[in-house]
Amino acid sequence: MAKHAVLSSGSKMWRSLACAKSELSLDLTLACGQSFRWRETAEGHWTGVMGGRIWTLTQTGDILWYHVYKNHEQNREVGGSDRKRRAGVSLQMENKSEKRIKGALKKEEEEPVALTSVQDTEEEEEMLRDYFQLNVKLLDLYNEWGVADPHFKCIADIFTGVRMLRQDPTECLFSFICTSNNHISRIQGMVERLCQALGAPLCQLDETSYYNFPSLSALADNSVEACLRDLGFGYRARFLQQSAKQILDTHGLQWLEGLRSVPYLLARDALRTLPGVGTKVADCVCLMSLDKAEAVPIDTHVWQIAKRDYNYASGNGQKSITAKLHRDIGDFFRKLWGPYAGWAQSVLFCADLKKFQKLKEMPHLKRPKKEENDEEELRVACKKTKIKREENGTVKKMKTKSAHHKKAKTSE
DNA sequence: CGGGGACCTCG
DNA sequence: GAGGTCCCC
């Protein structure tokens, strides 16, 4: 059986890319709630599906290592289908062809290992550069945000390399429709089940099967709502199916991607016409898949941050986030951080996640250099934040079997 | 523009 | 209640 790649074992072919830790932290970026599709399959090794292929990524020093699983260990069709995948059309595999391909795979296992062509190598490096948006110089942005915002600077020394992914718009939209009234760990399970149920299978590594994200047409099928309700999606099941259907019926396959070249506010309004997509979800999709770096997704959590760390006072009487509050808080952060405000916000958001709180307590030994004496001031700001977090901070161990989504329906 | 309630499930 | 959205008033 095919296994997950591990760099130290040397049993797989790895390629590398020069990429400073300050430009990218895989551990933070892939686990902070942008994408729900990456898992840490070995220490510091992240495995997930991107662009129709399965990847394992890891970092040593200032090198980003990546392994792409090839045909001999993956049900990847060759030739024409690849082109379609690149265009964002994930193929829906029918039962018949699935069996046929699995049969074919059996034979292939005895064949010599498929070699990676030069084109594949160049293409895959480009896919990674695009996905992580490595052309954007994160360190420069951190410096600019730090100058404008002392609180950011304090957080930034610990939470370096938090970078915005450039996700597939379909995956991003339908994943974030699942996020309403929800938390990361549950969303991860839901997205996994979504792919399992409706996405094309790719291959199995160790005990884990990998799937493409479902195509729009798969999501639009009338049977989808009932199917997803059975899988525990609740009221979101209808949103997902209806949104997919609405996109296909009234706009077409390329519509979402086309929003990349539309101004932020227009794209956001366009998304908001879809069922299950309000301001917050639309902002997430804009920021994380449609190249709108100025989009700042505002939820209750970000509102807390604004109040706690920035003395943000307006809307104090409100019980929930009103439309006006959305605008005002977004404008507040855009004014503070500039055109990449959404990227900056994701750093603070990451720093507030419970699972990363331990990073704040560890003495960070390798601080770049002794700065001037405004350090003292920053420490105070840091400490203030830390204390607040510790108040409600029992760290829970999550050790649930993932197969338990068969919910035992207790009558209420 | 803002308040209030429903919507699903899980911890 | 949770990292919301829809619908009605």
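Lettering follows sequence order; numbering is per chain, from 1.
Closest to the side chain of Ser180(A), from the set dC8(B), dG4(C), dG3(C), is dG4(C). When each of dG2(B), dG3(C), dC7(B) is scored by its nearest atom to the side-chain atoms of Tyr235(A), the top-ranked nucleotide is dC7(B). Out of dC8(B), dG3(B), dG3(C), the shortest distance to the side chain of Arg238(A) is found at dC8(B). Side-chain proximity of Asn181(A) to the nucleotides dG3(C), dC7(B), dG3(B) is greatest for dC7(B).
One can place NE2 of His326(A) at 14 Å from P of dG3(C), the figure rounded to the nearest angstrom. With rounding to whole Å, Asp352(A) atom CG is found 15 Å from dA2(C) atom C1'. Gln345(A) has its CD atom 14 Å from the P atom of dG3(C), to the nearest Å. One can place CZ of Phe176(A) at 9 Å from C1' of dG3(C), the figure rounded to the nearest angstrom. Protein atom CG of Leu228(A) is 12 Å distant from nucleotide atom P of dT9(B), rounded to whole Å. Protein atom CG of Leu274(A) is 15 Å distant from nucleotide atom C1' of dG4(C), rounded to whole Å. The separation between Lys355(A) atom NZ and dG11(B) atom P is 16 Å, rounded to whole Å. When the C1' atom of dG4(C) is taken as reference, atom NE2 of His301(A) falls 15 Å away, rounded to whole Å.
With a 6.0 Å radius and a threshold of 12 heavy atoms from other residues, nucleotides or ligands, Lys245(A) has its NZ atom at or below the threshold.
Residue Lys324(A) is in sugar-phosphate contact alone, with no base atom involved, counting any heavy-atom pair closer than 4.0 Å across all strands shown. Nucleic acid contact class of Arg327(A) (heavy atoms, under 4.0 Å, all strands): sugar-phosphate only. If you check every strand for non-hydrogen atoms under 4.0 Å, Cys178(A) touches nothing. The residue Thr279(A) sits close only to the backbone: its heavy atoms come under 4.0 Å of sugar-phosphate atoms, none of a base. Using a 4.0 Å heavy-atom distance criterion, Pro275(A) is classed as a sugar-phosphate-only contact. At the heavy-atom level, Val302(A) lies nowhere under 4.0 Å from the strands shown.
Here Gln318(A) reaches the OP1 or OP2 of dG3(B): one of its side-chain N or O atoms lies under 4.0 Å away. Contact check, Thr179(A) against dG3(C): no side-chain N or O comes under 4.0 Å of OP1 or OP2. Within the 4.0 Å cut-off from OP1 or OP2 of dG4(B), at least one side-chain nitrogen or oxygen of Lys319(A) is found. Look at Arg229(A) and you won't find any side-chain N or O under 4.0 angstrom from OP1 or OP2 of dC7(B).
Looking only at atom types and distance, the side chain of Asp221(A) has a donor-acceptor partner in the side chain of Ser223(A) under 3.5 Å away. Under the 3.5 Å distance criterion, with hydrogens and angles disregarded, no donor-acceptor pair is assigned to the side chains of Tyr66(A) and Thr58(A).
By the 30° and 60° cut-offs, the orientation of the rings of Trp255(A) relative to His251(A) is parallel. Aromatic ring pairs are classed by plane angle as parallel below 30°, tilted from 30° to 60° and perpendicular above 60°; the pair Trp145(A) and Tyr142(A) is tilted. The aromatic rings of His45(A) and Trp14(A) stand perpendicular to each other, their planes meeting at an angle above 60°, with 30° marking the opposite boundary.
Each of Gln304(A), Gln357(A), Arg308(A) was evaluated against Asp352(A); a single residue qualifies, Arg308(A), per the side-chain hydrogen bond (donor to acceptor under 3.5 Å, both in side chains) test.
For Arg186(A) against dC10(B), no side-chain N or O and base N or O form a donor-acceptor pair under 3.5 Å.
Nearer to the 5' terminus of DNA chain C, by closest-nucleotide assignment, is the contact made by Phe349(A) (compared with the other of Phe349(A) and Thr273(A)). Of the residues near DNA chain C, Gly33(A) and Gly276(A), the one whose nearest nucleotide (by heavy atom distance) lies more toward the 5' end is Gly33(A).
Across the P atoms, dC8(B) and dC8(C) are found 16 Å apart, a figure rounded to whole Å.
The partner of dG4(B), taking Watson-Crick or G-U wobble pairs whose two distances both stay under 3.5 Å, is dC7(C).
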